[in-house]
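Working notes, beginning with the structure itself.
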Amino acid sequence: MIRNQWYAVLDSKEIKKGKLLGVTRMGEKLVFWRNTDGAIGCLADKCAHRGVKLSCGKIISGSVQCPFHGFRYDTSGKGILIPANGRNAAVPRNFKVPSYPALDAHGLIWIFWGEAKKLPEIPWFDNLGSDFSYSTVADPWDAHYSRVIENQLDVVHLPFVHYNTIGRGNKTLVHGPLAELEGSAIRVWMRNAVDDGRTRPAKPSQIDKSSSPVYLYFIYPNIWQNVISDDLRVMIAFAPVDEAHTVAYLRFYQRFIKVPGLKQFVNWIGGRGNIRIAHQDRRVVETQQPKPSGLKIGENLIQGDNPIVLYRKYREKLQKKR
Ligand code: FES
Ligand SMILES: [Fe+2]
């Protein structure tokens with residue numbers, strides 16, 4: 001996993017008012033909650049006193065109280081009360097639990113997994129505004145998040161994995177695709193075709209962006225969008241759990257139906273469709289070895305895999321930068 005990045009790690013609705021949430025993300029056991037101002041706390045789920053899970057405790061006046069001896073911590077992880085020492089006693093500095101900056105934005109919970117002094121902006125799509133409505137489904141995968149992301153940049157698998165859904169039509173010949181890196185984002189334009197036995201795949205440079213309205217849009221480290229049309233999108237946030245597990249937050253976004261009630265129903269149907277397609281991918285991707293991807297993992301790649309190569313190269317660059 002790449003250090004010093006904002007990661008979408010939960011759906012906002014998973015952190016309920018007045019409740020602690022203990023989950024594994026980024027290979028670490030973490031506790032999340034909302035304080036009285038609505039700010040999000042994200043601490044290591046381990047009390048600095050004698051190692052109990054803080055997520056088994058309570059929220060008292062916006063701080064987390066350990067269930068064992070009642071020590072309390074604020075959202076920065078600083079110890080603010082040791083009841084046994086008395087309410088007026090100062091809390092020594094070593095009573096501190098590691099914490100990550102956390103925010104609630106775009107209906108997702110983000111943590112800055114790192115130690116930068118000045119925090120960068122949260123990554124988000126410039127083409128996905130609040131005029132869209134959406135539904136979310138949380139889908140657990142037994143796969144490293146890099147493999148789940150690569151699957152969403154893979155245009156070669158469509159006629160095989162999705163032969164009866166989005167890959168119908170036996171378009172096995174892969175032109176391009178064209179994959180471009182812009183800042184920390186990758187965009188992919190594709191054109192798959194039925195193989196007539198005479199046509200050779202076009203080079204990536206021969207793909208005409210303007211004639212392929214559908215494109216893929218990924219922003220490092222972990223959000224992706226399929227731009228299906230101006231008014232219809234699929235978005236996925238790939239929350240890293242550990243080296244072998246990911247939770248994919250799948251979202252169906254649309255802005256062609258705005259009528260309350262009908263809108264939610266359409267979004268729900270869209271969400272069901274997303275899950276059906278994602279599960280066609282999941283059963284295959286979960287079998288990939290090794291679990292995390294990388295540039296030198298002994299795979300043999302083809303022209304059609306070029307978005308995956310680009311993803312791996314920039315990922316490695318970010319990993320080295322840390
Ligand atoms: S272990 Fe948490 S207060 Fe003692
Ligand atoms: Fe797929």
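All of these numbers come straight from a predicted model, not from anything done at the bench. For the single chain, residues carry numbers from 1 onward in sequence order. All ligand and atom numbering here is 1-based and tracks the order in the structure.
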>> Below the 2.8 Å mark, what number of protein N, O or S atoms do you get around the Fe ion (ligand 2)?
In response: 4
> Trp6 vs Phe112 aromatic rings, parallel, tilted or perpendicular, using cut-offs 30° and 60°?
Replying inline: perpendicular
> To the nearest 10°, what's the angle at atom 2 (Fe) of ligand 1 between atoms SG (Cys66) and SG (Cys47)?
Replying inline: 110°
>> In terms of relative ring orientation, are Phe218 and Tyr311 parallel, tilted or perpendicular, with 30° and 60° separating the classes?
In response: perpendicular
> Has His49 got an N/O/S atom less than 2.8 Å from atom 4 (Fe) of ligand 1?
Replying inline: yes
> What orientation do Trp113 and Tyr100 show, parallel under 30°, tilted 30 to 60°, or perpendicular over 60°?
Replying inline: tilted
>> We want to know whether Ser55 and Asp45 form a side-chain donor-acceptor pair, criterion being a heavy-atom distance below 3.5 angstrom.
In response: yes
> With a cut-off of 2.8 Å, does any N, O or S atom of His69 fall short of it relative to atom 4 (Fe) of ligand 1?
Replying inline: yes
> What residue and atom, counting heavy atoms only, is the protein's closest point to atom 1 (S) of ligand 1, and at what distance?
Replying inline: Arg50 N, 3.3 Å
> Would you say the side-chain atoms of Thr136 and Arg251 include a donor-acceptor pair closer than 3.5 Å?
Replying inline: yes
> Which of the atoms of ligand 1 are close to Phe68, meaning less than 4.0 Å from one of its heavy atoms?
Replying inline: 1 (S), 4 (Fe)
> Taking the inter-plane angle between the rings of His106 and Trp124 on a 0 to 90° scale, is it parallel (under 30°), tilted (30 to 60°) or perpendicular (over 60°)?
Replying inline: parallel
> Can a donor-acceptor pair be found between the side chains of Ser133 and Asn267 at a distance below 3.5 Å?
Replying inline: yes
> After noting the C-alpha distance and the side-chain angles of Phe252 and Tyr134, does the key distance pass the ring-ring contact (aromatic ring centres under 6.0 Å, His included) rule?
Replying inline: CA-CA 5 Å; Phe252 175 85; Tyr134 60 82; over 10 Å; no
